[in-house]
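Below you'll find the structure, written out as structure tokens, and then a few comments.
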Amino acid sequence: MMTKNHIVYIIGFMGSGKSTAGKKLASLLDWSFTDLDKKIEEHTGKTIPEIFSQNGEDFFRSIETQLLRKFKSSTNTIISTGGGTPCYSDNMDFMLETGLTLYLKLTPAELKSRLSESKGERPLIKNLDKEKLLSFINEKLAVREKCYERSDIIIEGIDFDINLLLSLIKSKLNI
Ligand code: S3P
């Protein structure tokens, strides 16, 4: 098998804890941490909700795809992606080729309770009430899991053992 770059892409639905896990892993590995959404905000000088409302989702997806490609030759880096990143363009193929992909898998019920607290900053769900939120999660996840499940590592639940995950990453990357 080809040796993968020292990049870990963290993948998963909105609210699955990608940034939190990414920061912990980066600090344990003494690697750098990048949040793709933050890069998009820096690049455009706008917040994610502003990009969606002023420029539309297609524009957001094209910037997302373009900025993701900038990590091609990065090393010792953890990247937390947006919930949609793997499912647009050929982003999932790109991540599988250039690094190690890690899917944080939560159930729709877990996602719903976490997302009810933080809907405001997420344009795709900000106008949904509790019932609509759950059906949105169910439908979107069913489609997106096809991309997510291609990941090299799949971790279930919120309370996983971070040290166990660290060992798994190290063994997959031969470090
Ligand atoms: C999106 C998820 C968001 C952000 C944008 C679109 C999605 O990232 O990229 O609002 O399509 O699921 P998080 O997963 O970090 O919330």
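Quick caveat, the model's predicted, so the values are computed rather than measured. One-based numbering, in listed order, for ligands and for the atoms of each. All values below come from the heavy atoms of this structure, side chains included, with hydrogens, waters and symmetry mates left out.
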Does this structure show an ion pair linking Asp90 with Arg69, if we count only N-O contacts that are shorter than 4.0 Å?
yes

Between Asn5 and Thr75, is a side-chain hydrogen bond (donor to acceptor under 3.5 Å, both in side chains) present by the stated rule, with each step listed?
CA-CA 6 Å; Asn5 288 350; Thr75 192; over 6 Å; no

Do any N/O atoms on Phe52 end up under 3.5 angstrom from N/O atoms on ligand 1?
no

Please list, in number order, the atoms of ligand 1 under 4.0 Å from a heavy atom of Pro123.
10 (O)

Please state which option from Arg122, Lys140, Lys126, Glu64 has its nearest heavy atom closest to atom 16 (O) of ligand 1.
Arg122

To the nearest 0.5 Å, how far apart are CG in Leu104 and CD1 in Ile154?
10.5 Å

To the nearest 0.5 Å, atom CD of Glu64 lies from atom NE2 of His43 at 12.5 Å

Given the rule in the side-chain hydrogen bond (donor to acceptor under 3.5 Å, both in side chains) test, do Thr98 and Tyr9 qualify, once you have shown the distances and angles that lead to the verdict?
CA-CA 9 Å; Thr98 54; Tyr9 296 102; 2.7 Å; yes

Which residue supplies the protein heavy atom nearest to atom 3 (C) of ligand 1, what is that atom called, and how far is it?
Asp37 OD2, 3.6 Å

Quick check against the 3.5 Å criterion: does Glu41 have a side-chain atom that pairs as donor or acceptor with the backbone of Ile48?
yes

Counting from 1 in the order shown, the ligand 1 atoms closer than 4.0 Å to a non-hydrogen atom of Ile48 are 5 (C), 10 (O)

Distance filter under 4.0 Å to Gly82 heavy atoms, resulting ligand 1 atoms:
8 (O), 9 (O), 14 (O)

Checking contacts here: is it the side chain or the backbone of Leu124 that comes within 4.0 Å of ligand 1, counting heavy atoms only? Could be both or neither.
side chain

Is the side chain of Lys105 donor-acceptor paired with the backbone N or O of Gly12 at a distance under 3.5 Å, no angle test?
no

Compute whether any side-chain donor of one residue and acceptor of the other, for Glu156 and Tyr103, lie under 3.5 angstrom apart.
no

Heavy-atom contact under 4.0 Å between Arg144 and ligand 1?
yes

Please could you name the atoms of ligand 1 that Lys18 approaches to less than 4.0 Å, counting only its heavy atoms?
13 (P), 14 (O), 15 (O)

Hits for salt bridge (Lys or Arg N to Asp or Glu O under 4.0 Å) against Arg122, two or more places apart or cross-chain, chain-then-number order -> none

If you count the atoms of ligand 1 from 1 in the order shown, which ones are under 4.0 Å from a heavy atom of Gly84?
7 (C), 11 (O), 12 (O)

Does the residue Arg61 have a heavy-atom contact with ligand 1, meaning some pair of atoms that are separated by less than 4.0 Å?
yes

Under 4.0 Å from one or more heavy atoms of Phe60, ligand 1 contributes atoms 5 (C), 9 (O)

Has Glu57 got any heavy atom lying under 4.0 angstrom from an atom of ligand 1?
no

